[in-house]
Amino acid sequence: MNILLWIIQILLALLFLFAGGMKLIVPMDVLMQQAPPGSTQFPVWFFKFIGLVEVLGGLGLILPGIFRRRQDLTPLAAAGLVIVMIGAFAISVMDHGIAAGVVPLVTGLLCAFVAYGRWKLVPLR
């Protein structure tokens, strides 16, 4: 179970570091052009904030376990990313229907599994 959790944590960290990093690096005007139609109602600073949260959450999934410091932060990072994915799922479904919400839903479920796994099943020590 520990190996499975680590594999999922690493994959999720890569996903969130990439997605959040792109939101932080891409210029604001390009970011707004690439945003889904319904999500353009949000201000640009909101997308930058979500990018920062995704990067910090991605780091929180792996760094505490790697450095063996503050390992209680890993399930908290995963739980925070679940909240982000709930928002992403809601926006995707409202804009494009259920099919567009599959990726955020699966990502959120994997984050929830990591949070539960690191709290109850195999806590990092």
Side-chain angles (χ1 to χ4, degrees):
M1 183 60 71
N2 189 40
I3 293 171
L4 176 64
L5 283 168
W6 266 112
I7 291 170
I8 295 171
Q9 283 173 242
I10 291 169
L11 292 175
L12 286 172
L14 291 172
L15 172 74
F16 283 112
L17 288 171
F18 176 75
M22 291 304 292
K23 288 181 185 85
L24 292 175
I25 293 172
V26 172
M28 292 183 189
D29 55 338
V30 176
L31 188 63
M32 292 310 287
Q33 289 174 352
Q34 294 177 350
S39 64
T40 55
Q41 65 195 8
F42 298 110
V44 175
W45 64 263
F46 182 73
F47 287 104
K48 297 292 184 180
F49 172 74
I50 293 297
L52 180 64
V53 169
E54 289 176 345
V55 167
L56 293 176
L59 292 174
L61 288 175
I62 55 172
L63 291 183
I66 290 174
F67 292 118
R68 299 187 187 276
R69 309 282 293 168
R70 295 298 314 258
Q71 295 178 9
D72 55 321
L73 293 178
T74 297
L76 292 175
L81 290 170
V82 168
I83 295 169
V84 172
M85 287 296 99
I86 289 171
F89 173 76
I91 295 294
S92 297
V93 169
M94 287 190 308
D95 287 346
H96 304 291
I98 289 289
V102 171
V103 172
L105 177 66
V106 170
T107 305
L109 289 173
L110 288 172
C111 289
F113 176 70
V114 169
Y116 178 75
R118 289 301 178 198
W119 259 319
K120 299 291 181 185
L121 300 179
V122 188
L124 293 170
R125 297 191 201 315

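Computed from a predicted structure; not experimentally measured.
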* Asked: Are Val103 and Phe16 grouped together when hydrophobic residues (ILVMFWY) are joined by side-chain heavy atoms under 4.5 angstrom apart?
  -> no
* **Sub-4.5 Å side-chain heavy-atom contact between Leu110 and Thr107** => no
* Structure fact -> Leu73 and Pro64 have their tightest heavy-atom pair at CB-CG, 4.3 Å
* Is Phe47 reachable from Ile25 through a run of I, L, V, M, F, W or Y residues, each pair having side-chain heavy atoms under 4.5 Å apart? -> no
* To do: With Gln9 as reference, evaluate Leu12, Leu11, Leu5, Ile7 under the side-chain contact (heavy atoms from CB on, under 4.5 Å) test and give the passing residue.
  => Leu5
* Looking at CG of Leu52 and NZ of Lys23, how far apart are the two atoms once the value is rounded to the nearest 0.5 Å? -> 11.5 Å
* Would the number of heavy atoms belonging to other residues, nucleotides or ligands and lying under 6.0 Å from CD1 of Ile3 be above 12? -> no
* State, yes or no, whether a side-chain contact exists between Leu63 and Gln71 at a heavy-atom distance under 4.5 Å. => no
* Asked: Val102, Ile8: one ILVMFWY side-chain cluster at the under-4.5 Å cut-off?
  -> yes
* Determine the minimum heavy-atom distance between Val82 and Ala112, stating which atoms define it. => CG2-N, 3.4 Å
* Could you pull out the closest heavy-atom pair between Gly101 and Val93, with the gap in Å? => CA-CG2, 4.1 Å
* Taking the side chain as C-beta and beyond, is there a heavy-atom pair between Glu54 and Leu56 under 4.5 Å? -> no
* **Nearest heavy atoms of Ala78 and Cys111, plus distance in Å** => CB-O, 3.4 Å
* To do: State yes or no: do Trp119 and Leu81 share one hydrophobic cluster built from I, L, V, M, F, W and Y residues joined by side-chain heavy-atom distances below 4.5 Å, directly or via other members?
  => no
* Asked: Under a single-linkage definition using a 4.5 Å side-chain heavy-atom cutoff for Ile, Leu, Val, Met, Phe, Trp and Tyr, are Phe46 and Val84 assigned to the same hydrophobic cluster?
  -> yes
* **Which atom of Ala115 lies closest to which atom of Ala79, heavy atoms considered** => CB-N, 4.0 Å
* Heavy-atom pair of closest approach, residues Gly58 and Ala13 -> O-CB, 3.4 Å
